[in-house]
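Accompanying notes for the structure given below.
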Amino acid sequence: MCCFSRSVDLVSATKIFASAEDSHRQFVVYSMTVAAKEELAMILPLPVRLGSGEQSVRFINLERYPQFFADVEMGFPKDKNSRPDQNLVSFLAGSAELKVFQVGSFEASFVPTINDFNRLDERFRLPAGTWEKLPAYRHYGFAVFKLKAGAKTIHPMAFSFPRAKISSLFFPTVHIHDGQVHERAAFDHILYCQRSDSDTGKLTEWRESPKLAKDFVKVAQTKGIVAAERHCHRLKLRGYLENRDVWV
């Protein structure tokens with residue numbers, strides 16, 4: 001889910017990379033272009049393992065590897081024999097303050113439960129009543145990234161979390177950009193992933209990189225997020241689609 005605590009003028013070119021850190025944790029790398037008139041927060045609900053505490057999410061600084069997604073994209077060269085990318089078929093149908101981490105050019109916090117949002121500055125919360133419209137997220141935790149006003153491309157934001165579903169990878173793609181929850185939303189997303197042996201979701205709509213990741217990604221600079229000896233997969237989601245997260 002891509003949620004903003006205040007109105008935004010523009011959100012585009014969203015890119016998300018997902019991979020397994022181990023059998024119980026998942027990596028997420030997130031980047032986008034955003035324009036806003038005031039300081040605000042981007043909130044990513046995460047399907048964390050039940051009972052995960054405030055220290056369970058590990059934020060990873062990729063500020064020195066701003067071309068992370070450009071390099072991943074190099075694994076998918078254009079050629080006349082490759083089939084066109086497709087959209088997913090299903091998409092067409094009150095305590096102490098939370099700890100704040102400095103992660104490159106932004107601050108990040110992990111909010112372990114919905115009730116813990118009252119420990120954040122009001123500017124970085126969603127409007128009252130929003131979560132009641134999204135009952136599926138009542139047991140989620142939340143990665144919160146505080147962003148400054150203005151127009152900018154956000155350098156890759158990366159973290160790992162204890163995943164509730166150890167056999168599936170999660171992509172936060174549901175939109176809340178105006179304080180409202182809409183059934184359908186405008187998508188401008190490219191999703192990338194690497195599978196582990198324990199991941200069971202089907203990738204029939206995804207394109208696989210012809211080469212191993214080590215041939216196009218500076219693996220050492222990803223701090224363990226990208227596995228050198230595995231292929232990457234890519235899926236483009238563009239258009240006015242069902243407003244939901246992606247699982248594979």
Side-chain angles (χ1 to χ4, degrees), residues 2 13-34 42 44 46-49 52 55-77 85 101-110 141 143-147 152-163 165-173 189-199 201 203 206-237 245-248:
C2 178
T14 299
K15 299 176 178 62
I16 309 173
F17 179 93
S19 64
E21 180 176 8
D22 55 36
S23 60
H24 294 285
R25 295 183 65 87
Q26 179 189 320
F27 289 115
V28 171
V29 186
Y30 199 106
S31 179
M32 64 185 170
T33 297
V34 62
M42 184 185 76
L44 298 178
L46 305 175
V48 296
R49 192 165 57 247
S52 298
Q55 306 300 318
S56 60
V57 168
R58 180 169 65 93
F59 293 101
I60 302 163
N61 186 359
L62 292 184
E63 186 176 25
R64 295 187 177 181
Y65 194 13
Q67 72 274 24
F68 173 88
F69 281 108
D71 285 357
V72 174
E73 179 62 26
M74 289 178 63
F76 301 90
D85 296 293
F101 301 88
Q102 190 68 39
V103 188
S105 62
F106 47 78
E107 295 179 343
S109 298
F110 175 59
V144 178
F145 297 89
K146 300 176 183 179
L147 309 176
K152 59 183 72 66
T153 297
I154 305 299
H155 76 67
M157 300 176 284
F159 56 90
S160 74
F161 67 93
R163 51 182 178 166
K165 296 183 180 181
I166 61 174
S167 61
S168 299
L169 292 175
F170 170 77
F171 294 83
T173 55
H189 290 48
I190 303 179
L191 310 185
Y192 303 91
C193 73
Q194 282 190 309
R195 310 299 306 286
S196 68
D197 294 336
S198 62
D199 294 326
L203 294 178
W206 296 62
R207 180 182 173 188
E208 183 175 358
S209 63
K211 297 182 179 181
L212 298 174
K214 65 181 181 181
D215 293 321
F216 51 91
V217 175
K218 299 177 181 65
V219 174
Q221 294 189 40
T222 70
K223 301 183 179 181
I225 294 172
V226 176
E229 301 295 332
R230 291 186 181 275
H231 294 257
C232 293
H233 292 79
R234 184 187 71 182
L235 176 71
K236 294 182 178 180
L237 294 175
D245 293 318
V246 173
W247 290 86
V248 296

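What you see is a predicted model; the values in this text were computed from it and never measured.
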Under 3.5 Å, is there a donor-acceptor pair between the side chain of [X] and the main chain of [Y]?
X	Y	value
S52	S56	no
Q26	F170	yes
E21	S160	no
H24	P162	no
R230	R195	yes

(message) Students often mix this up, so state it plainly: with edges at 30° and 60°, are the rings of F145 and F59 parallel, tilted or perpendicular?
(response)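 The arrangement is perpendicular - the two ring planes meet at more than 60°.
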(request) Determine the interplanar angle of the F76 and Y192 rings, folded into 0 to 90°, and report it as parallel if under 30°, tilted if 30 to 60°, perpendicular if over 60°. (result)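 Aromatic pair F76/Y192 classed tilted.
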(message) Tell me every residue that passes side chain to side chain donor-acceptor pair (under 3.5 Å) with T33, counting only those two or more places apart in sequence or in another chain.
(response)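 For T33 the side chain to side chain donor-acceptor pair (under 3.5 Å) partners, ignoring immediate neighbours, are T153.
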Would you call [X] and [Y] a side-chain contact if the rule is heavy atoms closer than 4.5 Å?
X	Y	answer
C193	H233	yes
F69	I190	no
F159	L44	yes
F171	L235	no

(message) In this structure, is the centre-to-centre distance between the rings of F68 and F17 below 6.0 Å?
(response)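 They qualify: ring centres under 6.0 Å apart.
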(message) Any salt bridge linking E73 with K15? Criterion: basic side-chain nitrogen under 4.0 Å from a carboxylate oxygen.
(response)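 K15 and E73: not salt-bridged.
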(request) Could you tell me which residues satisfy side-chain contact (heavy atoms from CB on, under 4.5 Å) with Q67, sequence neighbours excluded, listed by chain and number? (result)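 By the side-chain contact (heavy atoms from CB on, under 4.5 Å) rule, Q67 matches Y65, A70, D71, K218.
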